[in-house]
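Before any comments, here is the structure.
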Amino acid sequence: MTFREDESRVRDRNTANNLAWLKRFGLSLLKQQDDKHSIAMRRRVAGGNLDYLAQVLGIPKA
């Protein structure tokens with residue numbers, strides 16, 4: 001329940017499947033990071049730190 005799926009209001013099956021895929025993809029990117037943070041903390045850090053988000057997404061720094 002990393003993305004609070006139980007509170008989702010999506011009822012359309014295709015949209016729900018697309019969102020589920022995006023959530024799994026995001027979790028897999030977060031799990032690949034080599035740091036001591038939990039998955040939830042990695043989400044929080046990526047939400048507030050653009051450099052860390054770029055690192056998670058594999059975008060080189062400019």
Side-chain angles (χ1 to χ4, degrees):
M1 272 246 329
T2 306
F3 291 102
R4 298 169 64 178
E5 292 91 352
D6 288 346
E7 295 179 14
S8 178
R9 305 284 291 170
V10 177
R11 301 293 181 243
D12 180 54
R13 183 174 292 254
N14 287 331
T15 304
N17 287 337
N18 289 339
L19 287 175
W21 181 86
L22 283 172
K23 291 172 188 177
R24 284 193 309 269
F25 181 69
L27 280 176
S28 70
L29 289 176
L30 289 172
K31 287 179 181 179
Q32 292 176 10
Q33 294 303 305
D34 291 331
D35 55 18
K36 296 181 182 179
H37 298 299
S38 66
I39 299 296
M41 183 55 79
R42 291 175 189 171
R43 284 185 58 227
R44 286 188 203 113
V45 172
N49 185 341
L50 292 179
D51 292 332
Y52 185 76
L53 178 61
Q55 177 185 341
V56 169
L57 295 175
I59 299 171
K61 287 186 178 180

Using the rule given for side chain to side chain contact (heavy atoms under 4.5 Å, CB included), can you reason through N17 versus R13, listing the C-alpha separation, both sets of side-chain angles and the distance that settles it, and then say yes or no? CA-CA 6 Å; N17 287 337; R13 183 174 292 254; 3.8 Å; yes
Q33 versus R42, closest heavy-atom pair with distance: O-NH2, 3.5 Å
How long is the gap from CD on Q55 to CG on L53, to the nearest 0.5 Å? 10.0 Å
What do you reckon, is CZ of R11 surrounded by more than 12 foreign heavy atoms closer than 6.0 Å? yes
Correct closest heavy-atom pair for L30 and V56 would be CD2-CG1, 4.0 Å
Could you state the interatomic distance from CG (L19) to CG (N14), rounded to the nearest 0.5 Å? 11.0 Å
